[in-house]
Amino acid sequence: MSKIFRNQLFIPIAALLLLAVFNLIADPSFFKITLGYNSAGDPVLSGYLMTILDYGSELAILAIGMTLVTAASGGQDISVGAAIAISGSVVLRVLCGRDHHAETMQAPIIVAFLISCVVAMIFGAFNGALVAFFKIQPMVATLILFTAGRSIAAWINNNELPIVNEISFSYFGGFIPGIPVPTPFFIALACVIVIFLALKFTNLGLYTQSVGINESSSRLNGLNPEFIKFLAFIILGLCVAVAALIKVSRLSTINYSVIAKDIEMDAILAVALGGNALSGGKFNMGASILGAYVIQFLTTTLYKFNVPADALPAYKAVVVILLVVFSAPTVREFFSGLWKKMTKKGVEANAKA
Amino acid sequence: MKKKVLAVLLAAAMVLGLTACGGAAASSDGAAAPADGGAGGKLIKVGIINNDPNESGYRTANDKDLKAAFTEANGFQASFAYSLKNDEQITAAQKFIQDGVDYLLLSAADTAGWDSVLKDAQAAGVRVILFDRTIDADPSLYSASIVSDMEKEGETAVNWLKGQNLSEYNIIHIQGVMGSAAQKGRSGAVDAAVASDGWNIVTQQTAEWNAEKAQQIVQSVIDAGTPFNVIYAENDDMAKGAVAALDKANISHGVGKDVIVMGFDCNKWALEELLNQNWNYDGQCNPFQSQYILDVIKTLESGQEPAQKTIIMDEKGFDATTITADDVNNYGI
């Protein structure tokens, strides 16, 4: 039993079950999924669970990169929201060209996406270089982009707010005609599969963890810690580009000051909720991704109960407090000790009888 | 070696990025503040302190309008300062006063803290004109204040909604950042109508001017299956987010459809939605203040005082059934 407590997946699964049970008691219709049609006449599944799968996807994608960055560098990137604004702005800049209300797209979506990937990876590399080569604290290094990012995003489009009028662009954040499951979920799924294959068939996971656990001993073992950290930030940049595509596609436009606002905090929370040490080292990718969906589960639940949007951070803060308390080694030891005592007593009682 | 090359490249990219941004800013400043040399003494010197034009489409339009009005050709030598922070704005104001501007135009980030600097301005003989936002200071410290009446914007919208004579009103009310002047004014009118006309509020939540949050709020109402027939969003972005959720659930919206969609700010794309009858109403928040300011300056230059200290701008509300393509071009921001 104490094995279950110690398993990393325990925290996110327990949180998920807690939320599920709460919703089941409060209103079982929470779990209802209905098949309907959207205004274009295509079948879509709808219901709270679908909403969670849909909106949790960007967070899950970001959680992948954030987990690697956390594990390798022992710090977090707080600039992902601003980076999403930049990379979303690039997508729209390429698609709309000079005319920010273009009727037709000026470039194929794939070209726009690839360019935005390159841009996001460059900004990731910028963060990565500061952290890996200049040894700046990750949170301080990424503070630069956190502050400047949204202005850069606005500058890319000359402060205009471009709008893409073509329907095919909205598929990435909505539904592909004929497929009733939201596309963001598939995109997230693809990212998850790619990262799991990468972790399974390359040394990425092993190297990242060893750098995170002990940088100098991994250097002695022939690893290049700077490069591993640098790589983690570039991978996060790629995740940012994918998340940005979904974000701008949802509304086919962008608002530089509010797009993906505070998403960095949710992404870090997802990593923490996955039971990963925020000081780096060992990580469990699956737990982080599950953590991301748990956070969206919480958000959707709060929306359902009409909690004002500006009060959401307060509830998330409660989750953070609980997490911090339960992940503290002393508290964990206390609970597993308690469990041992209880089972021991049970065994003794049985033996006497 | 590889590492070094990479580091150098990155540093170069970084510097390039920085200079690129800096370059853009510098060039816009250059255009706004022409050199003293050839101008001669006839130009009226104005210092304009505004909020960051990136803040919103409204602010961008506001800034463009001012830049177009205060040109050398119109007899002005204008310098601009932008900040969303009050202390930085105050520093800019002090600098303008030292530079000896004739007029200080101010859209304050915060209402408090302006007394001492405005007294300095008065002592230096600088006339102060407030635009867009009021401040908590003695009215004798400024010559005129040109503002939007947010309460009136809300009332115009709510009166329009009353005029629709729906058999019942089930409203999703999506609010802006709580406590902002726009939110207070636009929410106040709805709350009053709820109390007096017995309208039903399905949900009243803040989406903090954010389209995505609005989309999630409306999505949540749809998922819950609660019926509604009006979306009252306090800006265009949030209305757009709400409409995205409606489209997903195949709920028709617009003129003669199931749900009435209302927005504010008159973005061009929003007025186009009205023209296509996908939305029903859009309330204006007038960013074109330069004409009012020019009138005030003209009056002051002729040695008179403006008739009223507080000048409230005309603001319209557009109905999808009567809006024209000309309106979209003239009033869209």
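Every chain is numbered from 1, with letters handed out A, B, ... down the list of sequences.
For chain B, the nearby part of A:Ala260 is the backbone; its heavy atoms alone come within less than 4.5 Å. Residue A:Lys32 does not touch chain B at all, counting heavy-atom pairs closer than 4.5 Å. Interface remark: A:Ser29 contributes no atoms to any contact with chain B (heavy atom separation under 4.5 Å). The part of A:Thr299 that comes within reach of chain B is its side chain, from C-beta onward, which places non-hydrogen atoms under 4.5 angstrom from that chain. With a 4.5 Å cut-off on non-hydrogen atoms, A:Phe175 touches chain B through its side chain but not through its backbone. Looking at B:Ala224, the atoms closer than 4.5 Å to chain A (heavy atoms on both sides) sit in the backbone and in the side chain alike. Of the two parts of B:Asp237, only the side chain, counted from C-beta on, holds a non-hydrogen atom closer than 4.5 Å to a non-hydrogen atom of chain A.
Applying the 6.0 Å contact sphere to OH of B:Tyr331 captures no more than 12 heavy atoms from other residues, nucleotides or ligands. Within a 6.0 Å radius of CD1 in A:Ile167, other residues, nucleotides and ligands contribute 12 heavy atoms or fewer. Atom NZ of A:Lys316 sits in a crowded spot, with more than 12 heavy atoms from other residues, nucleotides or ligands closer than 6.0 Å. No more than 12 heavy atoms of other residues, nucleotides or ligands sit less than 6.0 Å from atom OH of A:Tyr315.
Atom OG1 of A:Thr253 sits about 7.0 Å away from atom CH2 of B:Trp269, to the nearest 0.5 Å. Here the NZ-OG distance, from B:Lys257 to A:Ser39, works out to 10.0 Å after rounding to the nearest 0.5 Å.
At a threshold of 4.5 Å between non-hydrogen side-chain atoms, the residues A:Val258 and B:Lys213 do not count as touching. A heavy-atom distance below 4.5 Å is not found between the side chains of B:Gln219 and A:Tyr303.
Chosen from B:Asn250, B:Ile251, B:Ile217, the residue pairing most often with chain A at heavy-atom distances under 4.5 Å is B:Asn250. Each of A:Val307, A:Leu312, A:Val44 has some count of heavy-atom pairs under 4.5 Å with chain B, and the biggest count is that of A:Val307.
The two residues B:Gly241 and A:Leu251 make their nearest non-hydrogen contact at CA-CD2, 3.6 Å. The two residues A:Thr51 and B:Asp223 make their nearest non-hydrogen contact at OG1-OD2, 2.7 Å.
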>> Working note: A:Tyr55 + B:Gln215, criterion side-chain contact (heavy atoms from CB on, under 4.5 Å); need CA distance, chi angles, decisive distance, verdict.
In response: CA-CA 10 Å; A:Tyr55 288 96; B:Gln215 191 179 6; 3.1 Å; yes

>> Would B:Lys248 and A:Asp54 count as a side-chain contact (heavy atoms from CB on, under 4.5 Å) here? Give the steps.
In response: CA-CA 12 Å; B:Lys248 212 182 211 174; A:Asp54 190 352; 2.5 Å; yes

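A salt bridge does not link A:Arg150 to B:Asp52: none of the charged side-chain nitrogens sits closer than 4.0 Å to a carboxylate oxygen.
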